[in-house]
Every structure is written in C-alpha cells, then in structure tokens.
Engineer: 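One structure follows; several queries about it will come next.
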There are 2 protein chains.
Amino acid sequence: MKKQTTIQDIAQALNITASTVSRALHDHPKIKKSTKKKVWDMAHKLNYQPNSIASSLRKGKANTVGMIVPRINRHFFSNVITGVESILNPAGYNLIICQSEESIEKEKMNINTLISNRVSGMLISLSLETTTYDHIEHAIKRNIPVVLYDRITHKLNTCSVENDDEKGSYQLTKHLIEQGYRKMMWIGGSRKFNTYTNRFAGYEKALREIGINANKMPIFEGNISLETAYDFMKDFLNHEPLPEVIFSASDFMAMGAIIALQEKNLKIPDDIAVSGYSNEPFASLISPKLTSVEQFSKKMGQESARLLLEQIKNEGQKQSKQKITIEPQIIIRESTIKIKSE
Amino acid sequence: MKKQTTIQDIAQALNITASTVSRALHDHPKIKKSTKKKVWDMAHKLNYQPNSIASSLRKGKANTVGMIVPRINRHFFSNVITGVESILNPAGYNLIICQSEESIEKEKMNINTLISNRVSGMLISLSLETTTYDHIEHAIKRNIPVVLYDRITHKLNTCSVENDDEKGSYQLTKHLIEQGYRKMMWIGGSRKFNTYTNRFAGYEKALREIGINANKMPIFEGNISLETAYDFMKDFLNHEPLPEVIFSASDFMAMGAIIALQEKNLKIPDDIAVSGYSNEPFASLISPKLTSVEQFSKKMGQESARLLLEQIKNEGQKQSKQKITIEPQIIIRESTIKIKSE
DNA sequence: TTGTAAGCGTTATCAG
DNA sequence: CTGATAACGCTTACAA
C-alpha cells in the first residue's frame, strides 16, 4: 500500500503541529479561522482522508455499529436494515452486518467479531436456535449498548423493539369472525418460537371470545416455507373435511396452501378463505389478493437504531431499558372477503 | 467503557512479554507449545478479545471489505450480499455495507467512508446517476482493490462481474419467436442505463434475425416500477392495437402490465402474452406464472468476492483485471406459452 | 490560539 | 524460542 497522507504531512507542509491540524479538521472553536482554512486547503491538496482506524483506537471505540440478522435476504430483515441505516448513517455511524443463519454458534462468533471491532453498539435479532444468552450478556458486561429487535427475549435487561404479533393475529382473527367464518384451521411455524406462540395466542384469544376452542380445530406446524405448506395441504385435502378459512401465520405458507387448493379447483375465498402474515410483496400481486398483516419493518429498524443511539450517547449512565412495540396493521384483501350477495 | 484486557495484561500475568503473547495467539511456529497453552488459557481466563482496530492500525489495513449497493432491500442485491458474505466471512473478512440510493453524491461519500475505514477492498455497483468515475479512480489510486459488479463500466481498469443481459434477452426473444409471436412490444427502464440498453439489444438482435425491426414496434421506457407500467398500459389499451406479446425488461413492470390487462378482462397468454426479467420471487406465484430470466444473483456475489480476495492477496503485483460474465437462464412459464391445440 | 508529549493495543524488526 | 523497542495515525491533557 502506498503511503497515505496523514495529519503529520499536513502539519509539516504548513509548519504547524499535528494537534493543530487535528483540531482544525474538527472545527475546534479555539482555532483561528485563517488556520482552519489553510489546513482545509492543504488537506484537500494532499488528498487527505482521515484514518478512522487510528481515531477509533485512540478513542477506544469505533464509529461503527454491529448488526446481527438471521438472514439478510429476507424481505423483512432487509427492510429493517434499510430503516437502521436511515438513522445511523446521518448520525455518522457505519454498519457491520453479520448473519447468524439461524445458528447460535454463528451468533456467538458474530458477537466476538463485533466486540473485536469495538463497535459502539449492537443490534441483535436472535437466531431460532438461541435459548441461552451468555454470549449476549458477554457483550453487555463489556458495556456495549445492545438493542434486541424482532426476535427478542425478556430474560435480558436490554432495550428491545418487537412486533405485537399477538395483536396482529387477534385483529386478523376478529376480521375473519366478522366475515362469518367459524370453522378455522391454523398453519404456521413451530410454536417453539416466540413469533408463532404469540401469533397463535392472538388467534386463540379472538376465538375464545366467541366460545370457540382453537385447539379443537386443525393445527399444522412446520417449516416456514411454501413447499412445506403445499405438501401438507395436498395431503390434508385427501382425508380431512375442508375448514371455512385457513389462518396462516406466514405468507409463504399461505401461498403454498393456496396453490394446493387451486390445484383441487377450489375457489378462494368462495370455497375456502386464506389469510397470511407479514405482507410480503407478492401478497398484493397474486390472485386472489392475499389478506395479511403489515409489520412496518423499516420502522422497526428506525426505532431500534434510535434506541441504540440514545444508549450510546448516555454511555455509562444507568437508564431504564426501553421496550418498544410496533403496532401491526391488518391488510384486508380479496382472499378473506365473503361475497355478501350470496 | 470498562478497561478491556489486552495482550499486555496477559503478558504481565504470565511474566512474559506482549510480543510472545501476540505470537502465541497467532500460533507462531517458533513458540513453545507449553507457552502457547499457558497464553491461551490465560487469555480465556481474563476474557480476552483481540482488538482488531489496533491490529488494523498497525498493519495499515483492516480485515474489512466495503460494499456499495444501490439499495439493500431489493431482492436482487440482498442476494448478491448473501453470496459475498458466503465467501468473505470464511476468509476472515467483515463486510461494511453502504447504500448509494442511486445517488452519485452518496456514492462518493460512501467511498470516502470506506477509504477512511481502510477497507482491504471494495465491491461496487454503480448508482443509476453515475456517469463519471473520478471517485472510483480515487480509491484505485490508493491501491485499494476494486471489483465492480452488476452495474459496471468498462471505462475503468478494474475487475468486474456482470450479467449477460443481452444474451438473456436474446434467448427469451427467441423463445417468443418460436412460440409464434411476431407483433411485440417492449417495456423497460430507461435505456440510458446499461442494463436496459443491453436487454434491448438482445431483443432487437433476435428480431432482426427474422427480419423484424424492433424499433418499428411500440417501445415504452419509464421508471422500473409496477405503478409506472400499470398507468402506461391502462392508457395504451385505450387507443392502440394490442400486440401479441409484451416483452418487459422487468418483472415489476410486467406485473403492472398484467394487472392492467386483466382489468380489461384480457386473458394471458391467450389474448396477449407477457414476459418479465430477473425472476422475482413472485414470478412463480402469480397466475399465470410469469416467464422470466434468472440472474443467479447469489453466484454473482460469490464471484465478485472471489475476484476481490484474489486481488487482495496479490496486492501490489500487477495482474490483468478479470471480467466475469454470469450466464442468465430463461425460465419459461405459463405467461408466454401458446396453447398448441388451438 | 497553538505546541508538547503521551498513549490507544498491536505487530514487525532486530537482537539475543 | 523469547525479549526489547519502535511505530501505525490520531486525540487530548497540559503547558505556553
């Protein structure tokens, strides 16, 4: 690597000292305007780029924030990232993004990497495997501000930002009830995971209010993928009576079910209604348009970043750890609207 | 921030010097096994985390790669990122991701940030606005290895990885011709941008081979969005004769057109066929399933990362800058298949 | 308003 | 096989 110009070089060229240059570049109030201008011009002339590594070392902390995300190429998470960047970049921070790929081992490695890089803070969404939290406490003990988002735990004393899955699910189920549907069926990811426990809780609650026991109606848990739901549904249709509506806790699973249903020439919503969750881009594009729940993922990113910045600023000072809940919004589309004139 | 343990602390605790500790931690061959073990144990006991900032400063370079992406929450780009990480992480590099948001100003700022962070290399996809390249040469002059991907230019002497858009488009048009379609129509993004110039070139070429002039058939250029295409198509249908097929250089625009067509009760592909480009997740989910072109975005990320690592290793040594082309694959689905038995 | 000098935690080099 | 020392580029008390 060719030698880069440093503040020393600028200082030499102007016959002043490095400290003056440093101060001038940071617009220190006690430096003469004329000096600042000289320094600035020379910096420009010598093509100076500050070395933030040196600066970080000196300050014991980098202008960098670490973010752990289960998978970056999921629509939901990449939108969270967009939200995070929209807050962090203007505040002068860079993002190092790490993927846990749903593995707790990778998550631990990610945290170590971020600690080694002396990030100013961490934004973490837990992997599905994560049930112990030593590695996260590890970071907290080092006084690194941590904000958990989306996949959170309440067992740690951290800030957190989560979706109100129970509420979204509750409201969506209420909508289905209002449409007159009673015989329902649940499909979703494993209820080992908070997300699906919560979504199921909302579903159950809304049904309980009208005296229906969700657990006495069909329930399918599996991988959150189109294929899993398709395979299950194809089989289900062969030997089980059709419910009036399928409540899917995932848009992809809803899609899998829809394909299986359409292959059997069942009309949606006339023969059977289907709802999804998380409002994937395709939800409004397929036919029929899929009723779903919008999660405001970008907003989740922004709120998380905001909380993190607050903590970074109030460094050291003990403060209560805020918990933010993002309100979901149900998006009613064709797939669950009962044709009234029938 | 609480004081973190350093190699000095380990050294003191063991009555040896920091350099020995450093060497032991890096498994230097000339350090006694017993010493290594002592050091390793003590590091563990004191909860040591290497300070990569200090290491980077000393080495003049960070174990970090910078990546500039127009927008992170696009399916295509988030898949490229996944590919990049899959190569870079195992090689011990972290990714700093910056978004240009299609603005050359932001792109310049991004490059400066990355230079300041002394990244070992950069992966860059140009913003749509970018037509001058001083800022990129700026990085190259500093001997920072650069790989351009997807949105590239040949005006710079860099490695690059691009899609063979012309070929994808050519093959898709050939397929349309084979299906018997002749009256075509082009919709796509502005041909100011390479991507669309190339896709148009393939379309034009295939048609020229059978004596048809693409420029004498309807052409629409606009924002690459569902809405733009929808609005255009709705209007178009009011006063222009229907072509046999719409060649859309974007899946989203194809989708917009499809919605407008379906609102007029036109059957696809019976009344009019439609093809898209880039095989978005929804392409196989909508009805009819959309013919499109798969671009292997993850592979593009992997190839880019591979090229970058090579350059980082051969640092300094002049070597020819490799240009890689990723072959696309046309995915024929319902939306362009002419029912033979008619 | 500017200069002096020390130090952030590592690692490369030289010496033993 | 290990130690001593300097240096990476910047910031910040403290001094002037």
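This structure is a prediction, so every number in the text was calculated from the model and none was measured. Letters A, B, ... are given to chains in the order of the sequence lines, protein chains preceding strands, and every chain is numbered from 1. As a basis for the values below, the full set of heavy atoms in this structure was taken, side chains included, without hydrogen atoms, waters or symmetry mates.
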Engineer: Taking atom types as modelled, find out whether A:S19 and A:T17 have a side-chain donor-acceptor pair closer than 3.5 angstrom.
Structural biologist: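 The criterion, which ignores hydrogens and geometry beyond distance, is satisfied for A:T17 and A:S19.
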
Engineer: Checking all strands, does A:S19 fall into the base, sugar-phosphate, or nothing category for heavy-atom contacts under 4.0 angstrom?
Structural biologist: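 The answer is base, as A:S19 lies within the cut-off (heavy atoms under 4.0 Å) of a base atom.
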
Engineer: Taking CD from A:Q8 and C1' from D:dC8, how many angstroms apart are they, rounded to a whole number?
Structural biologist: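 Atom-to-atom, A:Q8 to D:dC8, this comes out as 11 Å.
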
Engineer: Quick one about B:S100 and B:S103 (side-chain donor to acceptor, distance below 3.5 Å, no hydrogens or angles considered), yes or no?
Structural biologist: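 Note: B:S103 and B:S100 side chains miss the donor-acceptor criterion.
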
Engineer: Nearest-Å distance, NZ (A:K61) to P (C:dG7)?
Structural biologist: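 These atoms are roughly 22 Å apart.
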
Engineer: Whether B:E303 and B:R306 form a salt bridge (side-chain N of Lys/Arg under 4.0 Å from carboxylate O of Asp/Glu) is what I want to check.
Structural biologist: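 Here B:R306 pairs with B:E303 in a salt bridge, since their nearest N and O are under 4.0 Å apart.
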
Engineer: Is the shortest side-chain N to carboxylate O distance from A:D41 to A:K45 below 4.0 Å?
Structural biologist: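 No.
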
Engineer: Within this structure, what is the CZ-to-P distance between A:R118 and C:dC8, rounded to whole angstrom?
Structural biologist: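 After rounding, the gap between these two atoms is 13 Å.
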
Engineer: Taking the minimum atom-to-atom distance to the side chain of A:T17, which one of C:dG3, C:dT11, D:dC1 wins?
Structural biologist: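 Of the candidates, C:dG3 comes closest.
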
Engineer: Is a donor from one side chain sitting under 3.5 angstrom from an acceptor on the other, for B:H138 and A:N47?
Structural biologist: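 On atom types as modelled, these side chains qualify, holding a pair under 3.5 Å.
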
Engineer: Starting at CG of B:L14 and ending at P of D:dT2, how long is that distance when rounded to a whole Å?
Structural biologist: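 Going from B:L14 (CG) to D:dT2 (P), I get 12 Å.
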
Engineer: With heavy atoms under 4.0 Å as the rule, sort A:T35 into base, sugar-phosphate or nothing.
Structural biologist: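 The answer is sugar-phosphate, as A:T35 gets under 4.0 Å only of primed atoms, P, OP1 or OP2.
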
Engineer: Taking DNA chain C as the partner, which of residues 36-48 of chain B come within under 4.0 angstrom of it by heavy atom?
Structural biologist: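 Contacting residues: B:Y48.
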
Engineer: Pick the closest DNA chain D nucleotide for A:S22 and for B:V21 by heavy atoms, then say which residue is nearer the 5' end.
Structural biologist: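 Nearer the 5' end of the strand: B:V21.
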
Engineer: Mapping B:S55 and A:K30 to their closest nucleotides on DNA chain C, which lands nearer the 5' end?
Structural biologist: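 The residue mapped nearer the 5' terminus is A:K30.
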
Engineer: Rounded to whole Å, how long is the line connecting atom CG of A:N51 with atom C1' of C:dC8?
Structural biologist: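 The distance from CG of A:N51 to C1' of C:dC8 comes to 13 Å, rounded to the nearest Å.
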
Engineer: Between A:S55 and A:S52, does any side-chain donor sit less than 3.5 Å from a side-chain acceptor?
Structural biologist: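 No.
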
Engineer: Any donor-acceptor pair under 3.5 Å joining the side chain of B:R23 to the base of D:dG3?
Structural biologist: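 Indeed, a donor on one side and an acceptor on the other fall under 3.5 Å apart.
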
Engineer: Ignoring backbone atoms, test whether B:H26 places a side-chain nitrogen or oxygen under 4.0 Å from the OP1 or OP2 oxygen of C:dT11.
Structural biologist: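 Answer yes for this pair, as a side-chain N or O of B:H26 is under 4.0 Å from OP1 or OP2.
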
Engineer: DNA chain C: B:I53 or A:S34, which has the more 5' nearest nucleotide?
Structural biologist: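 The answer here is A:S34.
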
Engineer: Mind calculating the distance between CZ (B:R58) and P (D:dA6) to the nearest angstrom?
Structural biologist: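 Distance check: B:R58 CZ to D:dA6 P gives 13 Å.
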
Engineer: Let's see if you can work this out: which of D:dC10, D:dT2, C:dT10 has an atom nearest to the side-chain heavy atoms of B:T20?
Structural biologist: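 Of all the options, the side chain of B:T20 is nearest to D:dT2.
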
Engineer: Heavy-atom count check: over 12 atoms from other residues, nucleotides or ligands less than 6.0 Å from B:K323 NZ?
Structural biologist: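 It does: B:K323 NZ has more than 12 such atoms within range.
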
Engineer: For the side chain of B:K32, starting at C-beta, report the closest nucleotide among D:dC1, D:dG9, D:dA7.
Structural biologist: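 Closest of the options to the side chain of B:K32: D:dC1.
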
Engineer: Under 4.0 Å between a Lys/Arg side-chain N and an Asp/Glu carboxylate O for B:E129 and B:K192?
Structural biologist: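 Salt bridge between B:E129 and B:K192, a charged N being under 4.0 Å from a carboxylate O: no.
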
Engineer: Rounded to the nearest angstrom, tell me the gap between atom NZ in B:K59 and atom P in C:dT10.
Structural biologist: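 Taking atom P of C:dT10 as the reference, NZ of B:K59 is at 12 Å.
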
Engineer: Measure the distance from CD1 on B:I7 to C1' on D:dG3 and round it to the nearest whole Å.
Structural biologist: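 Result: 13 Å.
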
